Amino acid sequence: MCGIAGVLYKQAGNHDIGKTLIDMLDGCQHRGPDSTGFALYGEDKDLLQLRFIVPTEETARNLAQENIATLLARHGATIKSEQSVGCSYQIAVDFDGDLLAFTRDVEDHAKLVSVGHTLDIIKDDGTAHELDAIYHVGEVRGTHGIGHVRLATESAVRPEAAHPFWATGFEDIAIVHNGQITNYWKMRRRLERRKFAFHTDNDSELVAVYLADKLAQGETLDSVLETAIADLDGTFSFLVSTPTQIGYAKDNLAAKPMVLFETDDMIAIASEEVSLNRLFPGQSINSSEPAPGTFHTWSRSI
Amino acid sequence: MVTIDLSRTDITTANTRIRDCGRDRQDVEIINPDARHNIGVGLVEPITVRVRGSAGYFCGGLSDSAHYEIEHNAGWAVGDNIYSGSVVVGGNAGAIAGVAIRGAEIVVRGNMGSRAGQVMKAGTLCCGGNAAFMAGYMMYGGRIIVLGDAAAKVGQDMSAGEIFVGGKIESLGNDTMIVDMEPGERDDIMAFLERYKLNYKGDFTKIINAGKKLRYANQEPRARPQPFFVSSNSNNYWNPKVQEDIWIKGEVGRYRIRGYGASKPVPHLNDIAFVKDVTAVHYKPEDLKDINLKTTIGGRYGAKPLSLSMPVMIAPMSFGALSRSVKIALARASRLSGISENTGEGGMLDEARAEADQLIFQCLSGRLGWNVKDMQRADAIEIYISQGAKPGLGGQLMAKKVTPELAAIRGIPVGIDLRSPSRHPDVLGADDLVIKVQEFREATMHKVPLGIKMGAGRVNDDIKIAYKDGFDFVELDGLQGSTGAASTEVLENVGIPTLSAVQEAVDGLKEINAGDDMDLVMMGGIKDGVDVVKMLALGADCTSVGTSAIIAGGCIACMQCHVGTCPVGIATQDKVHEARYDIDLQSQNIHRYFESLRWQIASITKALGYDDVHRVNRDDLVALTPEAADITGLPLLSEHPALHKPELGLEVLNRKAG
Ligand code: SF4
């Protein structure tokens with residue numbers, strides 16, 4: 001039950017993605033006042049960037065951070081830099097082992113919400129502007145990103161249940177989703193059989209894992225989205241982002257809204273035109289509404 | 001012309017100014033609209049509103065006689081439910097353009113999104129470009145003109161009306177067919193296009209309803225009525241009602257339809273009792289005059305709350321399921337007893353409006369009888385999501401009851417077996433509902449309380465959504481809630497009992513620290529003042545009664561409400577049958593029944609040691625069965641810590657329960 005937004009600048013460079021997404025999400029915050037989240041793609045860093053959700057209370061936080069350090073040491077990952085902000089603990093590590101095995105173990109013991117060399121996921125309870133005040137999202141620059149506002153219905157209001165979801169085990173992939181996957185358990189059981197762990201009961205996490213699994217098998221983002229529309233049941237509009245791409249898929253019933261606007265320089269997608277219009281105040285834009293059961297992807301220049 | 005800049009004016013202020021301009025007959029120009037929602041909602045004056053840019057959801061919605069010109073795009077549900085007037089969209093329109101219109105002209109020069117014209121009743125919806133899938137979904141009348149192509153399932157589940165498509169048709173919907181145009185029809189369309197300067201020379205394909213699904217193929221046979229007590233009294237497998245069901249299914253070959261609620265025994269308020277022996281106390285009316293029963297409902301956001309003389313409302317029941325006479329009697333009884341009446345689905349009767357002091361107007365998925373004028377003369381608005389008798393399904397009205405008069409107020413064809421949609425066209429999630437709530441607030445100038453009616457299913461989740469989406473009150477209906485017609489299997493088996501529902505609601509609200517600003521009205525099997533007080537003690541703020549009010553007014557519980565020939569003139573639209581109903585007599589009976597509730601509620605409140613019914617609480621209650629204890633978390637009588645204190649009178653209860 002939410003609003004989604006995504007933006008991609010087609011030319012590589014340092015674009016104002018943080019501020020753009022804040023504006024877009026603020027435009028549709030009425031769809032989800034409980035929590036907000038961003039998946040932002042900046043420059044490609046040498047070190048692996050991890051972000052965890054940790055308790056805000058100091059003793060518990062210290063304990064959680066110590067645990068994380070021990071865990072990482074066990075896998076031969078050395079912490080090169082660290083930062084505690086809001087409900088999160090952000091670190092950069094030197095790691096070149098098996099990422100899937102590493103993250104599976106880490107995720108069993110800590111709330112890992114973002115993994116990647118270019119991706120950073122920032123999510124918390126509160127509105128886009130409230131998050132900005134804590135995490136300085138507006139200062140983040142990069143090429144593309146997706147974001148989400150959430151009205152918690154079935155799952156509780158907790159930062160880790162907020163979107164975006166990173167695709168557990170696979171770096172630099174994130175999704176945001178508006179809708180409801182009705183064959184959630186059926187799909188989840190199949191993925192669990194294949195040793196994927198789920199850390200929330202949120203159906204959007206399923207979408208992330210589903211997509212990542214297929215991408216890891218070497219499929220293209222387009223073909224993954226095509227099969228997703230066939231495999232996932234229910235009502236959905238979701239966005240997915242990779243280090244170089246952004247894409248959407250929309251269910252066969254067109255039950256959840258989504259509009260997009262493309263120029264030579266950028267593509268912006270959102271639940272409602274009011275979010276797109278935030279980027280062009282006072283102007284009318286030639287937006288379009290994707291047809292039911294369709295998907296599309298865009299790539300930035302490399 | 002007055003100019004309103006939406007970059008500096010919030011939408012409520014803007015809409016107030018638009019209405020003021022309407023009264024002065026001044027046209028309005030909106031600048032910097034930037035796709036904001038609810039522009040011009042609720043306007044009922046013949047002025048023109050020009051939107052210089054794009055509009056968001058519900059632009060021009062819930063209006064009458066106004067004209068809107070949107071230069072660029074429009075979001076979902078442009079022109080929602082317009083009665084008369086027009087909307088012209090210069091660019092594209094989102095999903096459900098022209099939803100539920102009752103007579104307006106809506107022109108979209110570009111493309112329109114899916115489900116355009118859903119549940120429209122009359123008027124014209126015209127699209128210069130292409131229509132996305134399911135154009136004309138569930139339409140009841142009017143015409144849709146698409147000059148470009150139409151995507152899949154054109155006219156899906158339409159009951160009446162016409163769809164004209166100039167371009168390619170991807171596929172036809174259920175129960176539709178292509179027919180030749182009538183003489184003059186093309187000229188009419190061309191004149192329309194001319195008026196809106198749409199240039200088109202090509203041909204049209206005309207699509208209408210094929211009429212194969214408007215009525216059940218096999219009608220229910222006239223059976224000797226097996227009344228409610230036959231079906232509910234005996235819990236054995238093959239009781240006469242079960243036998244009757246099987247015989248009739250053997251005849252009609254489908255599920256059965258009947259009136260009333262679930263008849264199987266489920267844990268209910270009878271399974272809990274008061275800790276104190278309230279039966280030992282006998283009060284005269286004069287002893288009770290200082291006991292406060294006054295109940296206000298719906299003040300959460302500053303609207304004028306309903307002000308009830310006691311924590312009781314009349315449950316929503318439609319003109320359609322019930323006869324006009326009964327709706328008048330209920331409205332009158334509600335006034336005499338100082339409580340509220342509710343229109344249910346299917347529109348507001350002038351006589352009922354005149355009789356009732358406080359009238360709730362209900363909005364259902366089919367938007368039958370729904371309109372802005374009646375919204376603006378209602379004392380509260382209620383969005384129906386579902387009801388206890390049939391959670392997840394829409395209303396059902398068998399053909400015998402769909403008379404010309406009834407069809408006219410609802411805006412539907414005469415004589416169909418009406419199965420209202422199960423979903424609202426514009427509410428497909430809690431996120432859309434937020435914007436719908438805002439639209440209703442705008443249409444009623446934030447002056448009347450806004451409620452949501454829910455059948456008890458996943459109450460713990462649903463109540464949180466209701467709270468977060470900003471409703472003033474919730475009317476929550478348990479499994480035992482009755483209806484005019486529903487399939488037996490759904491009546492008996494879908495949903496959770498009222499007792500579980502109230503507990504889940506109270507728990508759910510507590511889990512999100514909701515406080516008590518959203519009022520909870522419980523219904524489904526409330527039969528007397530004892531039940532009312534128990535409900536309040538469990539955490540409800542108010543109750544509502546349907547079946548018991550109907551029984552007070554003469555119903556004999558024969559469960560044939562769906563047939564349309566109610567022997568006492570209640571659940572019928574047949575004039576001969578309705579003539580048996582004496583409005584004066586029955587309104588007095590219903591009123592006296594309400595007064596008996598009042599006396600009981602006050603007596604029990606006093607006997608429990610309070611001077612205000614809203615102070616009763618869980619500590620006043622004890623569960624009589626392990627099931628009721630499990631559901632409510634109340635102590636079981638046999639384990640109650642106060643059991644051995646004879647002054648509390650628990651022995652009496654214990655003997656009774658034992
Ligand atoms: S008497 Fe009328 S209202 Fe009562 S159960 Fe029979 S048909 Fe229904």
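Because only heavy atoms are used, hydrogens play no part in the values below, and waters and symmetry mates are left out as well, while side chains stay in. Not measured: the values here are computed from a predicted model. By convention in this document, chain letters (A, B, ...) are assigned in the order of the sequence lines, proteins followed by strands, and residues within each chain are numbered from 1.
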Are B/N111 and A/E289 packed together at the side-chain level, in the sense that at least one heavy-atom pair is separated by less than 4.5 angstrom? no
Please state whether the side chain, the backbone, both or neither of A/A291 comes within less than 4.5 Å of a heavy atom of chain B. neither
Output all residues satisfying side chain to side chain donor-acceptor pair (under 3.5 Å) with B/E442, sequence neighbours left out; order by chain, then residue number. B/T12, B/N15, B/Q438, B/H446
Surrounding CD of A/E57 (heavy atoms of other residues, nucleotides or ligands, distance under 6.0 Å), is the total greater than 12? yes
I want to check something: taking the side chain as every heavy atom from C-beta on, are A/N286 and B/N92 in contact at a cut-off of under 4.5 Å? no
Kindly write out the residues that satisfy salt bridge (Lys or Arg N to Asp or Glu O under 4.0 Å) with A/D124, not counting sequence neighbours, or none if the list is empty. none
How close do B/Y57 and A/E272 get, heavy atom to heavy atom, and via which atoms? OH-CG, 3.7 Å
Euclidean distance, A/S284 OG relative to B/I70 CD1, rounded to 0.5 Å: 11.0 Å
Where do A/A254 and B/F133 come nearest, in terms of heavy atoms and distance? CB-CE2, 4.1 Å
Salt bridge between B/K468 and A/D34, side-chain N to carboxylate O under 4.0 Å? yes
Non-hydrogen atoms of chain A under 4.5 Å away: do they reach the side chain of B/D5, the backbone, both or neither? neither
Enter the distance from B/L428:CG to A/L253:CG here, rounded to the nearest 0.5 Å. 9.0 Å
Checking side-chain contact (heavy atoms from CB on, under 4.5 Å) for the pair A/E273/B/N73: CA distance, chi angles, key distance, verdict? CA-CA 9 Å; A/E273 184 150 335; B/N73 298 336; 3.4 Å; yes
B/I435, part contacting chain A, at a heavy-atom distance under 4.5 Å: side chain
Any chance you could measure B/D431, atom CG, to A/N178, atom CG, to the nearest 0.5 Å? 4.5 Å
Are more than 12 heavy atoms from other residues, nucleotides or ligands located less than 6.0 Å from atom CZ of A/R61? yes
Picking from A/P292, A/P281, A/P257, which has the most non-hydrogen pairs under 4.5 angstrom with chain B? A/P257
Using heavy-atom distances under 4.5 Å, tell me whether A/S271 contacts chain B through its side chain, its backbone, both, or neither. backbone
B/H72 versus A/I285: any side-chain heavy-atom pair under 4.5 Å? no
Would the number of heavy atoms belonging to other residues, nucleotides or ligands and lying under 6.0 Å from NZ of A/K19 be above 12? no
Checking heavy atoms, do the side chain of B/S54, its backbone, both or neither come under 4.5 Å from chain A? both
Taking all heavy atoms of A/V274 and all of B/D34, pick out the closest pair and write down the distance. CG2-O, 3.6 Å
Which portion of B/R115 sits near chain A, non-hydrogen atoms under 4.5 angstrom: side chain
Decide yes or no for B/R36 and A/N277: does some side-chain heavy atom of the first lie under 4.5 Å from some side-chain heavy atom of the second? no
